[in-house]
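Below: the structure, in structure tokens.
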Amino acid sequence: MVYRRFQDLELSGLGLGMMRLPVLDGNDSAVDEAAAAELIDYAYKNGINYFDTAWGYHDGNSELTAGKYLSRYPRESYYLASKFPGYDLSNMGKVEEIFEKQLEKCRTEYFDFYLFHNVYEGNIDAYLDPQYGTLEYLLKQKENGRIRHLGFSAHGSVEVIRRFLEAYGRHMEFCQLQINYMDWEDEKVQSRKCYEVAVKHGVPVVVMEPVKGGTLASLPEDIAGMFAEADGNRSCASWAMRWVASHPGVKVILSGMSTPEQVEGNLATLG
């Protein structure tokens with residue numbers, strides 16, 4: 001496994017995104033616990049130490065799964081990330097209630113990484129509004145050691161990310177952005193511009209959607225043929241992952257893996 005330095009930590013270059021855990025009968029809220037346990041065990045035992053979950057993943061069951069199966073390992077041997085669900089404006093003002101519940105669900109006394117979830121046009125005003133006390137509360141938890149590193153994830157425009165960083169940047173230790181080669185110059189996603197703003201502010205990046213939800217793993221035959229001609233031993237997905245890993249501001253690449261085979265394939269690229 002390739003590890004990357006983040007402050008005083010060594011983070012696995014590949015992280016397990018727990019948004020796409022194996023499920024039963026196609027029901028996203030029904031996590032297949034036996035398969036999920038096998039997946040988490042395989043990832044952990046093969047060097048992955050960064051696990052990313054969230055309040056809303058699998059209708060709330062991702063955090064429960066993370067807590068149940070990661071808690072079998074020494075707490076200091078892995079890094080756990082979760083997020084405050086401010087993408088739902090009805091959660092504003094409930095940061096204490098939700099945070100306490102997340103700790104309980106994840107069977108932990110602290111989060112190594114905690115994020116403002118999905119900063120975008122629809123919630124930036126609420127996230128920055130002091131009446132809700134979101135930043136104040138999270139900084140207090142950081143002071144108390146219940147959050148080790150505070151950051152944010154974003155699907156918003158570069159203007160939104162710039163505004164968030166101008167307001168809270170001195171408190172943000174990392175950010176999570178959607179980066180892949182298809183979105184890099186896409187004016188709607190603004191992947192490159194968002195990455196550059198983060199780097200300009202000195203904020204390390206955790207990458208989500210490196211294979212664009214699997215799109216870049218199954219390319220049209222003519223494009224896939226170009227990759228095969230360049231190196232027939234590499235999959236289309238591996239090209240996408242390696243492209244993301246080439247950016248110096250990137251610390252962890254998250255992949256929403258559902259099977260040990262997918263973990264094995266990504267480890268062959270990033271491990």
Side-chain angles (χ1 to χ4, degrees), residues 6 15 17 19 52-57 81-95 98-99 102 111 113-142 147 149-213 215-216 240 243-244 247-256:
F6 173 85
M19 184 180 181
D52 173 87
T53 185
W55 178 260
Y57 293 173
S82 197
K83 313 170 184 75
F84 172 68
Y87 52 82
D88 181 348
L89 293 180
S90 70
N91 290 327
M92 294 299 176
K94 300 178 182 177
V95 60
I98 289 173
F99 183 78
Q102 288 177 298
F111 289 111
F113 296 86
Y114 196 81
L115 301 81
F116 290 79
H117 197 171
N118 190 14
V119 178
Y120 78 112
E121 288 75 3
N123 62 17
I124 180 69
D125 290 333
Y127 265 147
L128 299 183
D129 192 332
Q131 73 167 309
Y132 297 118
T134 308
L135 177 66
E136 180 183 9
Y137 178 80
L138 296 179
L139 289 177
K140 186 66 175 178
Q141 303 319 302
K142 188 169 186 292
I147 293 173
H149 303 283
L150 184 61
F152 70 99
S153 68
H155 287 288
S157 68
V158 66
E159 288 78 15
V160 165
I161 293 173
R162 185 180 291 116
R163 183 181 167 198
F164 188 83
L165 285 171
E166 286 172 353
Y168 290 172
R170 65 189 181 279
H171 303 299
M172 296 296 107
E173 299 174 78
F174 70 104
C175 67
Q176 189 167 305
L177 301 175
Q178 179 173 324
I179 298 176
N180 56 69
Y181 66 74
M182 181 176 286
D183 291 332
W184 190 242
E185 298 293 351
D186 187 304
E187 278 304 307
K188 183 178 180 181
V189 183
Q190 299 184 312
S191 184
R192 177 180 61 80
K193 292 179 180 179
C194 293
Y195 170 82
E196 290 175 348
V197 165
V199 170
K200 180 180 178 180
H201 281 80
V203 179
V205 176
V206 173
V207 170
M208 54 183 163
E209 301 293 346
V211 192
K212 199 173 173 63
T215 300
L216 302 182
W243 182 89
V244 171
H247 293 79
V250 171
K251 298 300 180 181
V252 177
I253 300 174
L254 295 175
S255 179

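Atoms considered below: every heavy atom in the structure, side chains included; atoms not considered: hydrogens, waters and symmetry mates.
Remark: Q131 CD is packed, more than 12 non-hydrogen atoms of other residues, nucleotides or ligands lying under 6.0 Å away.
Between F152 and Y168, a ring centre-to-centre spacing not shorter than 6.0 Å is recorded. H117 and Y87 have their aromatic ring centers within a separation under 6.0 angstrom. For F6 and H149, the distance between ring centers is under 6.0 angstrom.
When side chains are defined from C-beta on, D129 does not count as touching M92, because their heavy atoms never get closer than 4.5 Å. Residues F99 and I147 have side chains in contact (heavy-atom distance under 4.5 Å, counting atoms from C-beta outward). When side chains are defined from C-beta on, Y195 does not count as touching V207, because their heavy atoms never get closer than 4.5 Å. In this structure, N180 and V211 have side chains that are not in contact, with every pair of non-hydrogen atoms separated by 4.5 Å or more.
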Quiz item: Going through the checks in order, is the side chain to side chain contact (heavy atoms under 4.5 Å, CB included) test met by V197 and E166?
Solution: CA-CA 11 Å; V197 165; E166 286 172 353; over 6 Å; no

Check: Would K83 and D52 satisfy side chain to side chain contact (heavy atoms under 4.5 Å, CB included), going step by step from the backbone distance to the final call?
Finding: CA-CA 9 Å; K83 313 170 184 75; D52 173 87; 2.9 Å; yes

- request: Apply side chain to side chain contact (heavy atoms under 4.5 Å, CB included) to V95 and Y132, showing your working.
  value: CA-CA 8 Å; V95 60; Y132 297 118; over 6 Å; no

Side chain to side chain contact (heavy atoms under 4.5 Å, CB included) assessment of K200 paired with L165 | CA-CA 10 Å; K200 180 180 178 180; L165 285 171; over 6 Å; no

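Rounding to the nearest 0.5 angstrom, the gap separating the CG atom in L138 from the NZ atom in K140 is 13.0 Å. Of the inter-residue distances, the one linking E136 atom CD with Q141 atom CD reads 10.5 Å to the nearest 0.5 angstrom. Note that the OH atom of Y181 and the CH2 atom of W243 stand 10.0 Å from one another [nearest 0.5 Å]. Note that the CE atom of M19 and the OG atom of S255 stand 12.5 Å from one another [nearest 0.5 Å].
Taking the six-membered ring for Trp and thresholds of 30 and 60 degrees, F111 and Y114 have ring planes inclined between 30 and 60 degrees apart. The aromatic rings of H247 and W184 lie tilted to each other, with the angle between the two planes from 30° to 60°.
At least one donor-acceptor pair closer than 3.5 Å links the side chain of E173 to the backbone N or O of L150. The backbone N or O of G93 lies less than 3.5 Å from no partner atom in the side chain of Y137, so there is not a single donor-acceptor pair. Under the 3.5 Å distance criterion, the side-chain polar atoms of N123 are matched with a main-chain donor or acceptor of N118. Side-chain N or O atoms of D183 include none that pairs as donor or acceptor with a backbone N or O of D186 at under 3.5 Å. Between the side chain of S191 and the backbone N or O of Q178 there is at least one donor-acceptor pair closer than 3.5 Å. Under the 3.5 Å distance criterion, the side-chain polar atoms of Q176 are left unmatched by any main-chain donor or acceptor of M208.
Pairing each heavy atom of L177 with each of A154, the nearest pair is CD2-CB, 4.2 Å. P85 and I98 make their closest contact through CD-CG2, 3.8 Å (heavy atoms, listed as atom of the first residue, atom of the second, distance). For the residue pair A54 and S82, the shortest heavy atom distance occurs at CA-OG, 3.5 Å. Smallest separation of non-hydrogen atoms from A240 and P210: CB-O, 3.7 Å. A pairwise comparison of heavy atoms in G156 and I161 identifies O-CD1, 4.0 Å as the closest pair.
Tested against K193, the residues E185, E159, E187 include a single salt bridge (charged side-chain N to carboxylate O under 4.0 Å, His left out) partner, E187.
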